[in-house]
Amino acid sequence: MADDLAAAVRAYEVARAAVTDAQVEADRIVAAAKTDVVAARARLAGAIVAAARSGMRQVDIVRATGYTRERVRQILRAGGVEAD
C-alpha cells in the first residue's frame, strides 16, 4: 500500500516537472518565432522600398503584400521613398 502511494507521488512529481519543462521550451520557441517575425517584417519592408524604387506601382505592392495602401505608404516614407 505504501509503495503504491510513493510510486503515485513520484509519478505526479515527474508529470508536474514535465509540464514546467514543456512551458520553458514553449516560451523559448515562441520567443524565437517572434524574433523571426521581426526579421521577416524588416526584410519585407526593405523589399517594398526596393520594389518602389525600381518602379513598381504602389497598387501592385499592395496586391502582392496584402498590406493596406496606408501601411505601404508608411513603409515607403520610412524608407525615404515618395508614395504614389
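Since the model is a prediction, treat every value here as computed from it, not as a measurement.
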### Message
What verdict does the side chain to side chain contact (heavy atoms under 4.5 Å, CB included) test give for K34 and V30, after you've listed the backbone C-alpha separation in whole Å, the side-chain angles of each residue and the deciding distance to 0.1 Å?
### Response
CA-CA 6 Å; K34 286 180 179 180; V30 169; 3.7 Å; yes
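- At a cut-off of 3.5 Å, with distance as the only test, no side-chain donor of R77 or Q74 sits close to an acceptor on the other residue.
- When atom types are taken as modelled, the side chain of Q58 and the backbone of R69 share a donor-acceptor pair closer than 3.5 angstrom.
- The side chain to side chain contact (heavy atoms under 4.5 Å, CB included) test with R53 singles out one residue from V81, I48, L76, and that residue is V81.
- A salt bridge links E70 and R73; the closest N-O separation between the charged side-chain nitrogens and carboxylate oxygens is under 4.0 Å.
- Here E25 pairs with R28 under the salt bridge (charged side-chain N to carboxylate O under 4.0 Å, His left out) rule; sequence neighbours left out.
- With sequence neighbours left out, the side chain to side chain donor-acceptor pair (under 3.5 Å) criterion links D4 to no other residue.
- Nearest heavy atom pair, residue V62 against residue Y67, reads CG1-O, 3.2 Å.
- Residues satisfying the side chain to side chain contact (heavy atoms under 4.5 Å, CB included) criterion with A51, sequence neighbours excluded, are M56, I61.
- Using a 4.5 Å heavy-atom cutoff, the side chains of V37 and R41 are in contact.
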